[in-house]
Structure formats: C-alpha cells, structure tokens
Amino acid sequence: MSSTSPAVAPDPDLAAEQTAVTDLYRRLDAARELAVTRFRQALATPIINPQSLGEREAAARFQGQRITTLDAADHGLVIGRLDREASPQPLYIGRVGLAADDPSGDPALVDWRAPASRPFYTATPFRPEGVVRRRHIRTRGRAVTAVNDEVLTVDVEATDGPPLTGEAALMAALTAERTGRMTDIVATIQAEQDAIIRSDARGVLVVQGGPGTGKTAVALHRAAYLLYTHRDRLARSGLLVVGPTPTFLRYIADVLPALGETGVLLAGLGQLRPGLDARGHETPEVAELKGRLAMVDVLKAAVRDRETVPRGVRELVIDGVRIPLRPVDLTRCRTVGRRASRLHNLGRPAFARAVVDLVAQRYADRIGADVRGGSSLLDQRDLEALRSEIGQETAVRELVDEMWPVLTPEQLLRELFADPARVRRATKGWEDDERALLARAADAPWTPADVPLLEEADELLGFDDSADRAREARRRRQARDEAQETLDLLHGSRSTDLEDDEEGEELTAGDLLDADSLADRDAEVDVRSAAERAATDRTWVFGHVVVDEAQELSAMTWRLLARKCPTRSMTVVGDLAQTGSLAGATDWGAVLRPHVGDQWRLAQLTVNYRTPAEIMAVAADVLEAGDAVTAPPRSVRSTGVPPVAEQVPDADLLPRVAAVTTGLVEAGGTVAVIVPPSRVADVVDCLATAFPVVSSGPAADSSAGPVVLVPADAKGLEFDSVLLLDPQGVLDEGVRGHSDLYVALTRPTQRLTVLYPGELPAELHRLTD
C-alpha cells in the first residue's frame with residue numbers, strides 16, 4: 001500500500017503579497033533601466049570644453065548613484081505594508097521610493113526614511129497612529145517567504161517594557177549566523193531606535209546604549225536618514241563616520257552602501273588626517289597625556305620655541321664686509337614676524353624681510369659712507385637693488401632658516417618629542433615623569449593619539465601659499481590673454497559680405513561672452529564627490545559627523561572633530577560602561593561642554609537585542625563590580641544555552657584553546673578569541689597551526705576565519721561564538737579592567753566559553769554556581 005500526503009493549501013496572503021512584490025520589482029527594474037539609459041546618454045555627451053566635461057561628469061555621477069541605490073534596493077526591496085483606517089489601499093514600505101501610475105495618489109513604494117513610513121516603526125496597540133494592521137514581509141531573492149501580521153486595533157494590557165515591532169522578523173534576524181560584516185536593520189527597526197534615527201540634525205545627539213542595543217546600526221541608519229532628508233546640503237558638505245579601528249570600519253563598511261548611500265567618508269581615529277594612516281602603538285599613559293587639552297599650550301610653546309634669537313652678537317660676512325647683528329636687533333625682527341601673523345609659517349616672510357632690511361641697511365651704511373662725513377652716497381634705488389642682492393645671500397638665508405624655519409606639523413612633532421630639551425622648554429610647570437612620557441625616537445611610527453596633535457600643529461603653523469597663488473594668477477592672466485586673442489581672431493574673421501546694417505544684427509562670440517568668461521569655461525572642473533574631495537583636504541568641514549565608540553575619544557580628538565564640523569551637527573554613540581582608555585569619558589557632559597557648550601542632548605537605548613539573557617546575567621555582575629554609572633540593558637531573548645567555564649592548567653592552556661576554537665568554528669558563524677594583551681602572540685601562533693587564516697589586532701578580519709583580539713579591539717563587534725581566555729588577566733592588564741571584561745563578555749550572540757588558569761574572578765561566580 002502506498003499513501004500520499006494531503007496537499008497543502010496555498011497561503012492566500014503569501015500569494016497576494018507575491019503578486020504585489022513582483023509588481024514592485026517590475027517597477028524597480030524599469031527605474032533602473034531608465035537610469036542606465038540616462039547614464040549612457042550622459043557619457044555620450046560631446047565634450048566641448050572643461051565646463052561641458054564638468055556638466056557631463058555631474059550628470060553621469062548622479063545617474064551612477066541612482067543606479068547604485070536601485071541595485072542596493074534589489075536585496076530585500078519590500079519590508080512590509082501598512083493597512084490604514086483612512087485609506088482602503090495598503091501602503092508598502094521598502095528600501096527606496098517608487099512612483100505609482102497615478103501621481104496624485106500614494107507612491108507604489110515608500111522609502112523607509114520618508115515621513116509616511118514612520119508608523120511602520122512606531123505604531124503600537126497603545127498608539128496605533130491610524131494603522132489597523134502592520135504586515136512584515138520576508139523575502140529571499142524576489143520570492144516572498146513569510147508574512148507576519150500585527151493587528152493594532154485590539155485591547156491590550158500593559159507589558160514589561162516597550163513592545164517589539166515585528167517580533168518574528170526581529171528574532172529571525174537576531175538568531176541568524178553572523179558573516180563578519182554588519183547588515184542593515186531596515187526591516188527590524190524598533191520604536192526607540194526610530195526616534196533616534198529621525199531626530200533633529202541640529203546640535204550634538206549623544207546616544208548612550210549598552211552592548212547589543214544596536215547603537216552602531218542606529219547611527220548608520222541615522223546617517224542614511226539625514227542624507228535622504230538633507231540631501232542638498234550634505235551632498236555639498238559631506239558626512240563623516242568615525243570609528244575606533246580599521247577592523248570596526250571593515251565590519252560596518254557594507255551598511256550604508258546596502259542602504260544606497262555611497263558618498264560617505266569612513267575614517268578611523270588614526271586616519272582623521274588626510275594621507276596618514278597612524279597605526280603605531282604606545283602605552284595608555286602616553287596616549288592619555290597626548291589627549292589632554294594641555295597639549296594645545298605645549299604645541300604653542302613648541303612653535304614659539306622655534307622662533308629663536310641667538311644669545312650673542314651674530315656676525316655676517318658679505319663680500320668681505322663684516323656686519324654685526326645684536327640680539328636686540330634680531331628680537332625686533334622676530335617681533336615684526338609675530339605681529340604679521342599668528343601663524344608661524346605665514347609670519348616668516350615678514351621676519352625674513354625685516355632681517356634683509358636690517359642687513360641691507362647695515363651693509364649700505366658701511367659701503368656707502370661718505371669719507372668726508374656727509375650722508376650716504378647710496379640713493380633709494382641703490383638701496384632697493386642692494387636689498388634684492390642681500391636676500392639671495394647664503395649667509396642671510398641660513399640665518400633666517402635658523403631663527404625662523406619653515407615647519408611642517410610632522411617635523412615639529414618629531415623634533416619636539418626626540419629632543420628632551422625642547423620638551424622641557426615647551427612644558428613649563430610639568431613634572432619630569434610626565435615629560436619623559438613624551439620622549440620617543442624621531443623615526444617612531446605615528447599613533448592615533450598623534451593625529452589630533454598634528455592637526456593642531458597645522459592650525460598653529462599655517463601654510464604659506466603665496467607662491468601657489470602667484471602661479472595661479474599668472475595662469476589666469478595667460479588664459480585670459482589667450483581667450484582675448486581667440487575672440488579677436490573670431491571678430492577679425494567675421495563675414496565681410498554683409499551690409500553695414502546687417503552686420504550690426506549678426507550675433508558673434510564677442511556678444512555672448514568676454515575674455516574672462518571664456519577663460520573660466522576652459523578652467524579645470526573638479527568632478528569628485530564631496531567624500532572624495534574631503535578625503536584629501538585637511539581643511540574640509542562636514543555637514544554632519546557620526547562618531548561611534550565615542551566614549552574612547554580624548555579631549556584633543558573632540559577638539560579636532562569640533563573643528564571639522566563647525567555647525568556642531570553630530571551623532572555621538574557610545575557606552576560609558578565600556579570606556580577602556582585612560583583618556584576616555586566617564587561623563588558625557590564633561591567631555592563635550594568644552595567643545596560644544598550646551599549644544600548637546602542625550603538619548604538612551606535600553607534594550608539588548610544581541611546578547612542572550614544567560615550571558616548578560618554574567619556581564620551584569622561584572623558591570624556592578626566595576627561600579628559603573630550606567631545600568632545594563634534588558635535582554636529580549638534567551639537561547640537556553642548557558643555560558644561555559646573551564647579551568648585549565650597553564651601547561652595545557654594553548655592546546656585547549658585550539659581544541660575549543662575548532663569546536664566553535666565547526667558550530668558555525670564567526671568566532672573570536674578574546675585575550676589579555678600579554679597572551680596575543682602565543683594564541684595566534686597556536687591557532688595558526690590549525691587554521692589557514694588567523695588575524696589579530698585592530699585590522700583583523702573576522703569574515704576570513706577566527707580572530708584573536710584584545711578587548712579594546714573587540715569594541716563594537718559581534719560574533720556568533722566567543723572564547724574568553726584568562727579573565728583575570730583581562731582584569732589585571734586592562735586600563736579599566738572591569739570595562740574590558742564587560743566588553744569581552746558581551747560580544748557573543750550565541751555561545752560563550754571561558755577558559756581560565758588559576759582562580760576564576762569572583763565577578764564571574766555565576767559560571768560555576
């Protein structure tokens with residue numbers, strides 16, 4: 001006998017939504033085809049002059065960005081729909097907006113950032129906002145795989161904490177394996193997150209959120225929202241996203257492109273200076289010292305120290321004539337330079353002229369003296385010629401360079417830190433042990449803490465661009481002369497067959513533009529995007545700045561960011577409980593007020609979506625033991641898998657690390673081994689024999705295999721599985737030990753294993769209870 005399974009009736013909701021989604025993809029394809037056509041038309045536009053080139057490149061760039069946005073929307077185009085009391089037609093929400101056939105009605109698809117889409121994230125049974133039903137639509141490719149409905153017109157009772165929007169979709173996203181790259185959360189944004197994403201762009205918004213609250217995702221989606229809402233302004237000024245490490249930037253790099261936004265500059269703390277990638281290492285004490293605002297006065301003193309006056313009389317010999325220069329004479333020259341400009345390099349030309357005038361006058365007094373006791377035999381014309389010659393004298397140029405050298409920020413800092421005498425003169429009132437922290441070799445690599453100092457030095461030194469401006473003026477004069485010659489040639493070549501009255505009616509090139517306009521049309525046009533230009537321009541100011549893991553920033557770094565965003569339009573996200581650097585924040589107001597005054601406000605994320613409750617209970621004990629000023633976030637899910645702790649003798653520790661790591665890798669997803677700094681090298685060597693790719697440090701790539709990280713490099717990241725090695729070592733070696741241990745414990749989304757030699761710290765008692 002044989003039996004057959006009864007046929008499963010098709011789900012009418014799935015079928016209906018598949019029809020709607022298919023139609024929306026048809027519209028997406030049509031919009032993309034139109035953008036491709038216009039892109040090709042732009043590229044085919046003939047180039048007549050640089051202006052037409054600029055117009056062509058601008059059009060091509062606009063259509064290219066449109067194509068990129070539509071391509072990004074292809075993955076998960078439709079998020080869901082709203083059924084509303086006021087309309088019989090559902091309103092579909094998606095990654096981009098798509099027009100309907102009837103322009104007077106609702107769009108076919110509403111961009112998730114548009115005001116009309118907000119109820120999709122904020123409506124609740126307590127406050128339905130005119131929504132009858134919210135439907136979450138899950139797709140794979142272009143096929144609808146599931147729909148989840150939330151009816152918002154039923155009677156409800158108070159619940160513990162805010163309700164979850166689209167709980168089924170949210171839980172599916174939270175339990176999925178990680179890939180080593182952050183993904184967007186467009187389909188699962190929660191109400192408290194949405195309020196932050198759509199918050200006013202003015203002033204500094206500080207988002208305080210514990211581990212797993214989605215603060216990084218919220219910051220990136222806020223960036224996408226602001227680019228959508230303030231497109232014209234931010235397209236010109238650009239948007240900067242600052243992260244703590246290259247690993248972190250690689251981790252978040254896919255989020256904004258997936259949202260169709262590619263014109264954003266991402267930079268780590270060591271890459272905030274164009275052209276510099278500072279990855280050198282230094283002790284936490286040195287980094288903290290360099291991060292103090294007192295370093296501004298140190299750099300000012302270091303600059304003034306380079307504007308020197310010789311102690312004794314300096315004698316120059318020019319054409320056999322000895323010219324003595326007293327310290328008081330040279331001090332007057334230095335005063336002239338300092339009065340000419342507060343910037344060192346810009347004051348040098350005035351100083352150099354004063355020295356040349358002084359030497360020329362002394363020289364003239366010697367060679368032009370009247371032996372009969374009369375006035376000088378040299379007239380003003382002779383003196384001017386003499387000044388020109390004196391200015392070319394090697395001895396004079398060497399004296400100017402010695403007393404007032406042209407300095408780059410790099411030169412200033414290298415020569416300062418390598419010379420204890422210079423450090424001592426620049427740090428009056430400091431203790432010798434603090435001065436010693438600044439000492440280092442001139443060829444030492446730059447560190448992230450050096451970047452704000454280099455930028456501050458740039459502000460103090462300035463750049464003398466007079467030669468560049470003179471060259472540009474000469475180029476413009478030449479271009480104008482050539483343009484005038486062209487117009488004259490065209491005028492001389494006009495038709496001679498016309499009568500006098502007809503000639504007056506003929507429109508010529510000279511009637512349409514003059515030489516200056518023609519020269520401007522031939523000028524080079526910069527067709528780069530704002531982000532591309534900002535990446536190479538130290539003086540660029542941004543329309544908005546997003547700072548992640550902001551609790552780690554020093555006062556000098558905040559000063560640098562405030563300079564890069566004069567409007568103080570910033571989104572600052574972090575967690576004071578995770579501060580791991582000596583220079584970092586323990587109070588948001590204390591670090592922000594010196595730079596932004598009262599132009600900041602605080603928002604808090606309180607729900608932990610990432611860390612399972614079983615693991616978070618352990619982490620909360622560590623947080624309490626560290627006397628944190630913040631409360632742990634509330635976990636919304638439990639896996640039923642408790643964290644595992646195992647005591648292993650030191651002699652067997654590394655083989656056990658390899659075995660446990662292998663098991664975690666086989667379980668699937670991403671794996672991190674978090675260790676105290678002293679154990680990194682041994683663990684990397686141990687794992688390298690078992691895995692083809694093992695990376696470590698601030699540039700580690702978690703998508704390529706297991707990574708070995710210290711807690712500071714794990715900040716902001718998440719992994720399916722974490723092996724924490726030697727928690728007591730993490731406590732002992734960390735600058736803020738409990739913060740480091742808290743960070744390590746809250747990285748996993750599924751599994752946590754702890755290996756420890758010796759005794760387990762008391763803060764982790766739950767692991768053995």
Side-chain angles (χ1 to χ4, degrees), residues 159-164 167 170-171 173-176 178 190 192 208-216 551 574-580 604-647 660 664 667 669-675 709 711 714-731 734 736-756 759-769:
T159 59
D160 181 19
L164 298 177
E167 184 170 358
L170 174 63
M171 291 305 170
L174 294 178
T175 56
R178 270 49 187 170
Q190 300 300 297
E192 69 169 1
Q208 162 68 41
T213 55
K215 54 186 178 294
T216 297
Q551 75 277 356
D575 180 16
L576 296 177
Q578 297 184 58
T579 302
Q604 299 200 55
L605 294 171
T606 59
V607 180
N608 186 333
Y609 303 99
R610 177 180 69 215
T611 314
E614 295 87 349
I615 297 175
M616 197 61 211
V618 178
D621 291 338
V622 173
L623 189 65
E624 181 179 1
D627 296 325
V629 296
T630 61
R634 175 178 63 89
S635 292
V636 298
R637 67 188 183 97
S638 173
T639 62
V641 180
V644 175
E646 179 183 344
Q647 186 176 30
V660 172
L664 294 177
T670 56
V671 176
V673 182
I674 301 180
V675 302
L709 302 172
K715 277 190 173 66
L717 307 179
E718 62 180 14
F719 306 88
D720 291 280
S721 302
V722 167
L723 168 57
L724 171 58
L725 175 63
D726 189 8
Q728 187 61 54
V730 170
L731 285 172
R736 303 177 191 269
H738 284 92
S739 293
D740 287 350
L741 186 56
Y742 182 61
V743 169
L745 291 169
T746 53
R747 297 309 96 193
T749 64
Q750 304 294 339
R751 296 168 287 274
L752 171 66
T753 300
V754 178
L755 299 182
Y756 62 98
E759 297 297 323
L760 189 69
E763 295 88 338
L764 303 182
H765 66 89
R766 286 179 187 266
L767 293 174
T768 55
D769 285 351

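All values reported here derive from a predicted model rather than from experimental measurement. Residue numbers count from 1 along this sequence.
- The closest donor-acceptor contact from the side chain of K215 to the backbone of Q208 lies at 3.5 Å or more, if one exists at all.
- Residues Q578 and T630 are not in side-chain contact: their nearest non-hydrogen atoms beyond the backbone lie 4.5 Å or more apart.
- Open room surrounds CD on E624; 12 or fewer heavy atoms of other groups in view lie less than 6.0 Å from it.
- Within the 4.5 Å cutoff, side-chain heavy atoms of T639 are placed close to those of E614.
- Annotation for L767 and A645: closest pair CB-CB, 3.6 Å, computed over non-hydrogen atoms.
- Taking CZ of R610 as the reference point, atom CD1 of I615 lies at 10.0 Å (rounded to 0.5 Å).
- The two residues R736 and T579 make their nearest non-hydrogen contact at CD-O, 2.9 Å.
- A donor-acceptor pair under 3.5 Å is formed between the side chain of N608 and the backbone N or O of P211.
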Kindly indicate, with the supporting measurements, whether the criterion side chain to side chain contact (heavy atoms under 4.5 Å, CB included) is fulfilled by D575 and Y742. CA-CA 11 Å; D575 180 16; Y742 182 61; 3.9 Å; yes
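- Taking all atoms of both residues into account, the shortest heavy-atom contact from G580 to D740 is CA-OD1, 4.0 Å.
- Contact check on R766 versus D621 returns a salt bridge, with a Lys/Arg side-chain nitrogen under 4.0 Å from an Asp/Glu carboxylate oxygen.
- Annotation: side chain of L664 is not in contact with side chain of F719 (no heavy-atom distance under 4.5 Å).
- Residues P711 and L741 have side chains not in contact (no heavy-atom distance under 4.5 Å, counting atoms from C-beta outward).
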